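Source: prediction; values computed, not measured.
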Amino acid sequence: MDAITNASLGARRNEDIALDLLKFVAGTAGVGRPTMPSTGFSGATVPKPEEHVTQLLELYSRCLEAVEGKGALK
């Protein structure tokens, strides 16, 4: 019953808040973006798209934990 009441008042779900936090952190830190190749020596290999997805999913779960108060962003 409380979920219906909260939804009618425009309360946001934790998942929505975590998604907004994910967008902010990922955009600020450049998580999930492919690295641009540069000339010269490059010590790291270019991450695959699957690795980008994995990074974003891990970040989302960390954001959700932080929003729910179960953990903090490290």
Side-chain angles (χ1 to χ4, degrees):
M1 186 66 156
D2 290 328
I4 296 171
T5 304
N6 287 341
S8 65
L9 296 175
R12 298 181 66 202
R13 297 181 341 177
N14 286 345
E15 291 83 3
D16 296 331
I17 297 168
L19 184 60
D20 286 341
L21 181 59
L22 166 78
K23 291 176 188 176
F24 173 75
V25 172
T28 303
V31 175
R33 287 190 197 152
T35 56
M36 300 305 264
S38 62
T39 57
F41 177 75
S42 177
T45 61
V46 177
K48 297 177 183 176
E50 295 84 17
E51 293 172 353
H52 289 291
V53 171
T54 302
Q55 286 178 345
L56 290 173
L57 290 174
E58 288 174 1
L59 180 58
Y60 175 76
S61 58
R62 290 175 64 191
C63 290
L64 185 58
E65 288 176 1
V67 168
E68 292 175 341
K70 295 179 182 175
L73 292 176
K74 296 177 184 175

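When the side chains of ILVMFWY residues are joined at heavy-atom separations under 4.5 Å, either directly or via intervening members, V53 and L21 end up in two distinct hydrophobic clusters. By the rule that hydrophobic residues join a cluster once side-chain heavy atoms approach within less than 4.5 Å of another member, L57 and V25 end up as members of separate clusters.
Contact detail for C63 and A18: the closest heavy-atom pair is CB-O, 3.7 Å. Closest of all the heavy-atom pairs between N14 and E68 is ND2-CG, 3.4 Å.
Within the model, atoms CG of L64 and NZ of K70 stand 7.5 Å from one another, a figure rounded to the nearest 0.5 Å. Rounding to the nearest 0.5 angstrom, the gap separating the CG atom in L19 from the CZ atom in R13 is 10.0 Å. The distance from the OH atom of Y60 to the CD atom of E15 is 5.0 Å, given to the nearest 0.5 Å.
A salt bridge does not link E50 to K48: none of the charged nitrogens lies less than 4.0 Å from a carboxylate oxygen.
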